[in-house]
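Reading through the structure tokens given below for one structure.
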2 protein chains.
Amino acid sequence: MRTQGPAIAMPSLQVSTGNATASLATSRVAPAAPAQRLAPLADRARHVSFARGAAIFRDGDAADRIYEVRNGVVRLSKTLADGRRQVLDFVEPDRIIGLHDGKVHGATAEAVTPAVLVSYPRSSVETAMAGDAATACRLMTELRAAAMRSEVRLVLVGRKTADERVATFLLMRAHRDAADGEEVSLPMGRADIADYLAVTIETVSRALSKFKAGGLIAMPGPQSIVLRDIERLRDVAGL
Amino acid sequence: MRTQGPAIAMPSLQVSTGNATASLATSRVAPAAPAQRLAPLADRARHVSFARGAAIFRDGDAADRIYEVRNGVVRLSKTLADGRRQVLDFVEPDRIIGLHDGKVHGATAEAVTPAVLVSYPRSSVETAMAGDAATACRLMTELRAAAMRSEVRLVLVGRKTADERVATFLLMRAHRDAADGEEVSLPMGRADIADYLAVTIETVSRALSKFKAGGLIAMPGPQSIVLRDIERLRDVAGL
DNA sequence: CGCGCAGTTGAACCTGTTCAAGCACCGTGG
DNA sequence: CCACGGTGCTTGAACAGGTTCAACTGCGCG
């Protein structure tokens, strides 16, 4: 079941300009945002697919379109001149990217897994803001959620230790009401996790090994983690 | 001169429920956001003053009102259970706080200097979103700007060295087109700066001393910094 | 005058980085 | 089928940037 948007009912009209109708395992994370489609903008929508690693847009590109993730995982990041990179977010289906930006994108968006997105011309945002209250509300909610996530991550990156960060990351990837034994998938590589948490690959690896040694988690494979002791994991995460 | 809001003209009606009509030195920073008042909401506005250090709202409080800063500097922060604190933002006049939050505030807002704010009931936001396109646009812009700032700060805190952070901070507090000799005021204490940059007080102090020794800045007083060599400061900041 | 707070400076320590090597998995090609 | 090379992950050991703890300074204010 999907949480409906706040207070305002959406027409049940579905976008029909494509066939990629999300049905994947990774959609488990962060379903806080409403799952409505941007139906009223359907006529100007365009479906696009990206291979693993492909760029959807880059920092500095003209921001003439916004994108709704339908399938796969997208990575938002910023890179400094000397190559230091900060991953801002991993975006999963039903979320929108490119909304913050004005004329120019302020971050790079790349597909972490093969991904399908729907893009809308940026102008349609303004149109919606003026005339379509429901969509305006949806966009507003999206922005608010993004802002809140950024703030949480600022605390994570600014004030938590490496172990706390990794533990927090695992819990973020788990269900809200995760129970012991739950399996968490990590579709992104260690480098992505490291740049998300603002530590090095080695530190991530060491933390995971430590958790494994302590019996907090099990690792069937590098991309898959089983939460063995969520209680203690929460403890380590400082939550 | 103040930058007008995006595309849509505002009625020139001014809020008259108070007498604190912003005229201060600290308004130099970040005038990127539009400076329109939330005029259409005037009838439900309420002016409030806060002493230095006073809390406007706290993390976890019911978020029944939003606030527009009129005068002074407000600090937004989150604190972990064990006391570690992350300052999320310093908010100066013409910006709005409390907008991200849903039913409950996700951060604490406190006055860094004596401050005057105008508060509006949260419900008026929904009202505006539905009926008042101009105000909706204003709020949207505010949220977008906040999201972008968060992302920039995430890179700052996640991927920059202590010296880079402090240098960046000084430049952020300066005019966009600052020239050598420009004076920057630091109304907040070292502890606030430290928690904003996610370092310790000592590190901030050392960086400033280093910059002073190198002739990049001068310090007439602890709260006031003169930028002596902006070029090199930019260099240190990595910009 | 003396207390108290904010900021600065110094020195030891520690967490996470850096550099370097080793390992496991996997698709390719012989 | 297995050798091969590549990539991504893990592990180890030395290093370093920033923290921590502690002392000192300077200034405002009772």
Side-chain angles (χ1 to χ4, degrees), chain A residues 51-53 75 80 82-87 112-113 156-170 184-214 217-225 236 238, chain B residues 52-53 75 80 82-87 112-113 156-170 184-214 217-225 236-238:
Chain A
R52 190 170 210 275
R75 172 183 66 225
L80 298 178
D82 60 359
R84 282 176 288 179
R85 186 183 69 156
Q86 176 66 45
V87 170
V112 168
T113 66
L156 182 72
V157 161
R159 285 311 185 198
K160 293 205 173 182
T161 66
D163 285 354
E164 287 174 328
R165 294 184 209 185
V166 175
T168 304
F169 180 71
L170 292 179
V184 169
S185 77
L186 304 178
M188 67 295 291
R190 294 291 186 270
D192 284 339
I193 299 175
D195 285 349
Y196 180 79
L197 300 176
V199 292
T200 57
I201 301 178
E202 292 92 329
T203 300
V204 172
S205 196
R206 276 186 248 275
L208 289 175
S209 299
K210 193 159 129 187
F211 296 164
K212 190 168 112 185
I217 62 170
M219 293 209 290
Q223 314 276 51
S224 165
I225 300 235
V236 172
Chain B
R52 191 171 209 275
R75 171 183 68 223
L80 299 178
D82 61 0
R84 281 175 290 179
R85 187 183 68 155
Q86 177 67 46
V87 171
V112 168
T113 66
L156 182 72
V157 161
R159 285 310 185 199
K160 292 204 174 182
T161 66
D163 285 355
E164 287 173 328
R165 293 183 209 187
V166 175
T168 304
F169 181 71
L170 292 179
V184 169
S185 78
L186 304 178
M188 66 296 289
R190 295 290 186 272
D192 285 340
I193 300 176
D195 285 350
Y196 181 80
L197 299 176
V199 292
T200 59
I201 301 177
E202 293 92 327
T203 301
V204 172
S205 196
R206 276 185 248 272
L208 290 175
S209 299
K210 192 159 130 189
F211 296 164
K212 191 168 112 186
I217 62 171
M219 290 210 289
Q223 313 276 54
S224 165
I225 300 237
V236 173

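Order of the sequence lines fixes the chain letters, A, B, ..., with proteins taken first and strands second; residue numbering starts at 1 for each chain. None of the values given here were measured: they were computed from a predicted structure.
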Out of C:dT8, D:dT10, C:dG16, minimum distance to the side chain of A:Arg190 belongs to D:dT10
Point to revise | Side-chain-base donor-acceptor pair under 3.5 Å for A:Gln223 and D:dC9 | key: no
Whole-Å distance, B:Glu202 CD to C:dG10 C1', equals 11 Å
In whole angstroms, the gap separating C1' of D:dG8 from CD1 of A:Ile193 amounts to 12 Å
B:Leu197 CG to D:dG18 P, in whole Å, measures 12 Å
B:Leu186 CG to C:dA6 C1', in whole Å, measures 14 Å
Rounded to the nearest 0.5 Å, the CG atom of B:Leu208 sits from the OG1 atom of B:Thr203 at a distance of 11.0 Å
Heavy-atom donor-acceptor pair, B:Arg206 side-chain to D:dG17 base, under 3.5 Å: no
Whole-Å distance, A:Asp163 CG to C:dG16 C1', equals 10 Å
- Within the structure shown, what part of the strands sits under 4.0 Å from A:Met188 by heavy-atom distance: base, sugar-phosphate, or nothing? nothing
Checking C:dT17, C:dG16, C:dG7 against the side chain of A:Thr200 (C-beta onward), the nearest is C:dT17
- prompt: NA contact type, A:Thr203, heavy-atom cut-off 4.0 Å: base, sugar-phosphate, or nothing?
  reply: base
Of A:Lys160 and B:Val204, the one whose nearest nucleotide on DNA chain C sits closer to the 5' end is B:Val204
When rounded to whole Å, the CZ to P distance for the pair A:Arg85 and C:dT17 reads 15 Å
Closest to the 5' end of DNA chain D, once A:Arg159 and A:Lys212 are matched to their nearest nucleotides, is A:Lys212
CD (A:Gln223) and CE (A:Met188) are apart, to the nearest 0.5 Å, by 9.0 Å
B:Asp195 atom CG is separated from D:dT19 atom P, nearest whole Å, by 11 Å
Taken to the nearest 0.5 Å, the spacing of A:Phe169 CZ from A:Leu156 CG works out to 10.0 Å
| request: Establish, from distance only, whether the side-chain atoms of A:Thr161 and A:Glu164 form a donor-acceptor pair under 3.5 Å. | output: yes
- request: May I ask you to say whether B:Arg159 pairs ionically with A:Asp195, meaning some side-chain N is under 4.0 Å from a carboxylate O?
  value: yes
note: B:Phe211, atom CZ; C:dT8, atom P; distance rounded to Å ~ 13 Å
Testing D:dG18, C:dG7, D:dC21 for proximity to the side chain of B:Ser205, the answer is C:dG7
Checking C:dT8, D:dT19, D:dG12 against the side chain of B:Ile201 (C-beta onward), the nearest is C:dT8
